[in-house]
2 protein chains.
Amino acid sequence: MANEIKAELAAGKLAEYEQLSKIYDDIVKQARPRLTVEGQGKILLALTDEDHLSQRQLATRLGMSPQSTSEFVYKLVKRELVTLTKSPKDRRVNLVNLTPAGRQEIESAAQEVPPFVRTLSDTELEQLSALMTKITTAMYADIDAANPTLGVKFHKLFASRYLKQFKK
Amino acid sequence: MANEIKAELAAGKLAEYEQLSKIYDDIVKQARPRLTVEGQGKILLALTDEDHLSQRQLATRLGMSPQSTSEFVYKLVKRELVTLTKSPKDRRVNLVNLTPAGRQEIESAAQEVPPFVRTLSDTELEQLSALMTKITTAMYADIDAANPTLGVKFHKLFASRYLKQFKK
DNA sequence: AACATATAGTAAGGGTACCTGATTAAAATG
DNA sequence: CATTTTAATCAGGTACCCTTACTATATGTT
C-alpha cells in the first residue's frame, strides 16, 4: 500500500510536468521552433529513418489516417521540404522524398537544455536520466504491444534523435 | 563540461518522455478522458480555483486571448458545465460560473497510474518524485518570471490537483 | 450633459492537427 | 474481363489557438 501511494505521487508529478511543459513552452518561448512528433514533424522524422516511403507506409508506420498523412505531405511539399514521385512499379503510389531543405529542417530543429534542468546537481542529473530511461523503455514496450504495426524502428530513431541532437 | 553532457542527456530524456507520452496517450488509450490544461479544461481548472470570474479575468489568468476564452466558455455553456451571468456592477462583463455538472466533470477526470510507472522500485519512485518536484518548482518560477500576470495561484492549484487526484 | 476614450465581449476568418465517409484511379485477382 | 482491393484525394468536421474588426457599456474630461 505504501508502494501504491509512492507510485501515485510519482505519476502525479510526471503528469504535472507534462501539463506544465505545455504552458512552459508557450510562455518561455524557445527561439527556434522545436520539431514535434505531430503532423508534419512526424512525417519528417519518419523520413529521416527511411526515405522514399509511400504515403501508405507513412500512415501505417505513424499510426495516422491516410487522409491526414496526405494533408501533411501536401503541406510539406508546399514548404519544399519533401517532393513526391510516382512509383514506377505501382503508379498509384506516391513516394515521399526528403529534399535537402527537409533534411536541413530536421537538423536545425535542435533544442537547448531548458533552464530548469540546470537546477539539478550532477548526481541528480544522472539519477533522472536513469529513471527516465527506465520509463521510456517501458513506454516503448507498451506502445509496441498495443500497436505492433507502428514498428519499433520509429521509436528507436526517436530515442536516438533526442540523444543526438545536443551533440556538437 | 562533464556536467554539461549530463545536463544534455537528462534534457534529452525529458524531451523524449514528453514526445513519447503524446503517442502513448494516443495508442494506449485511457478509459476516461483526461482533463488537460488546454482549451475548455484550462477554463474549468481556473474556475475550480476561483469561481465566478469574468472572461477577461480568465483570459489574463490563463494567458489566452479573450477571443479564445470566449470560444471555450461558449462550448462549456453548450455542454452545461458552466453558466454565464451578467455582472450587476458592470453590464459589460459576463461572469462564468461552474455548474454542479462542471464541478463533477473536474472531479471525475481522474487519472490512473500509468503502467510504466509500475516498473520502478520503491526507492526509484521516491527519487523520481523528488527530482520532478525540483524541476516543476523551477518551472513555476520561470513561468511566473516570464509572465507574472498569469499568477502563481493557478499553478499552485494545478500542482495540488495532480497530487490530489489519486486520493480516495 | 456631451464627447472622447478605454474596456468587455463577440463575430469573422485563419492556421494546425486530426478524423470519418465518399470517390477516383490503378492494380490484383477470380 | 469483371470484380475486388488498394493508394491517394476530396469534402466536411472537431478541437485548440490567433488576429482584426466591431458593438456595447463605462468612465474621464470638458
Side-chain angles (χ1 to χ4, degrees), chain A residues 19 22-23 25-27 29 33-46 52-79 81-97 105 149-150, chain B residues 19 22-23 25-27 29 33-46 52-79 81-97 105 109 147 149-150:
Chain A
Q19 299 298 108
K22 287 182 195 169
I23 300 176
D25 288 350
D26 242 43
I27 311 288
K29 285 279 182 207
R34 306 196 302 160
L35 196 65
T36 55
V37 286
E38 287 171 337
Q40 304 175 40
K42 220 168 170 176
I43 308 269
L44 286 181
L45 230 32
H52 317 298
L53 290 168
S54 74
Q55 295 191 199
R56 202 89 211 171
Q57 286 173 309
L58 280 170
T60 336
R61 206 170 284 206
L62 299 177
M64 265 195 309
S65 74
Q67 293 91 329
S68 298
T69 309
S70 175
E71 177 188 335
F72 300 135
V73 165
Y74 175 67
K75 285 176 179 170
L76 287 170
V77 169
K78 277 206 298 186
R79 291 172 63 198
L81 300 182
V82 304
T83 57
L84 288 180
T85 49
K86 285 245 173 288
S87 162
K89 294 176 202 121
D90 186 336
R91 290 211 317 290
R92 285 173 308 180
V93 345
N94 270 343
L95 265 15
V96 186
N97 321 288
E105 176 73 14
T149 63
L150 231 69
Chain B
Q19 299 297 107
K22 287 183 195 168
I23 300 176
D25 287 350
D26 243 41
I27 311 287
K29 286 278 182 209
R34 307 196 301 160
L35 197 65
T36 56
V37 285
E38 288 170 335
Q40 304 175 41
K42 217 167 171 176
I43 309 268
L44 286 181
L45 231 30
H52 318 296
L53 291 168
S54 74
Q55 295 191 197
R56 203 89 210 170
Q57 288 172 308
L58 280 170
T60 336
R61 205 168 283 206
L62 300 177
M64 262 195 311
S65 74
Q67 294 86 335
S68 298
T69 309
S70 176
E71 177 187 335
F72 299 132
V73 166
Y74 175 67
K75 284 177 180 171
L76 287 169
V77 168
K78 277 207 299 186
R79 291 173 62 197
L81 300 181
V82 305
T83 57
L84 289 179
T85 49
K86 286 245 173 284
S87 161
K89 294 174 202 125
D90 187 335
R91 289 211 317 291
R92 285 171 309 177
V93 346
N94 269 344
L95 266 15
V96 186
N97 320 289
E105 177 72 14
N147 186 342
T149 62
L150 231 66

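Per chain, numbering begins at 1; letters A, B, ... match sequence-line order.
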Q: Without decimals, in angstroms, what is the distance between A:Q55 CD and D:dT9 C1'?
A: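 For the pair A:Q55 CD and D:dT9 C1', the rounded distance is 9 Å.
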Q: Classify the side chain of B:R92 versus the base of C:dT7 as yes if they form a donor-acceptor pair under 3.5 Å and no if they do not.
A: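 It does, because a donor-acceptor pair links the side chain of B:R92 to the base of C:dT7 below 3.5 Å.
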Q: Whole-Å distance between C:dT16 P and B:E38 CD?
A: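 That distance rounds to 17 Å.
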Q: For the pair made of CZ in B:R91 and P in C:dA8, what is the distance, rounded to whole Å?
A: 16 Å
Q: Can you tell me how far C1' of D:dC17 sits from OH of B:Y74, to the nearest Å?
A: 18 Å
Q: Grab the CG-C1' distance between B:L62 and D:dC16 for me, whole Å please.
A: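 Whole-Å distance recorded here is 14 Å.
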Q: Can you tell me which nucleotide in D:dA8, D:dC18, C:dG9 comes closest to the side chain of B:N94?
A: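 Closest nucleotide among those given: C:dG9.
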Q: Picking from D:dC17, D:dT9, C:dA8, which would you name as closest to the side chain of B:F72?
A: D:dC17
Q: Please report the distance, rounded to the nearest Å, between NZ in B:K75 and P in D:dG13.
A: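 In whole Å, D:dG13 P and B:K75 NZ are 15 Å from each other.
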Q: OP1 or OP2 of D:dT9 versus the side-chain N and O atoms of A:S70: is any pair under 4.0 Å?
A: yes
Q: Any donor-acceptor pair under 3.5 Å between the side chain of B:E71 and the base of D:dC17?
A: yes
Q: Nearest heavy atom decides the nucleotide; on that basis, is B:Q40 or B:K89 closer to the 5' end of DNA chain D?
A: B:Q40
Q: A:M64 side chain: which of D:dC18, D:dA7, C:dC18 is closest?
A: C:dC18
Q: Is any side-chain N or O of A:R56 closer than 4.0 Å to OP1 or OP2 of D:dA8?
A: no
Q: Just how far, in rounded Å, is C1' of C:dA8 from CZ of B:R61?
A: 16 Å
Q: Is A:S68 near enough to C:dC19 that one of its side-chain N or O atoms lies under 4.0 angstrom from OP1 or OP2?
A: yes
Q: Would you say the side chain of B:Q67 and the base of C:dG9 hold a donor-acceptor pair, judged only by whether the two atoms sit under 3.5 Å apart?
A: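 In this structure, the two groups form no donor-acceptor pair.
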Q: Tell me the interatomic distance from B:L84, atom CG, to C:dA8, atom P, rounded to whole angstroms.
A: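 Checked: the CG to P distance equals 16 Å.
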Q: OP1 or OP2 of D:dC17 less than 4.0 angstrom from a side-chain nitrogen or oxygen of B:S65, does that happen here?
A: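 The answer is no; no side-chain N or O of B:S65 sits under 4.0 Å from OP1 or OP2.
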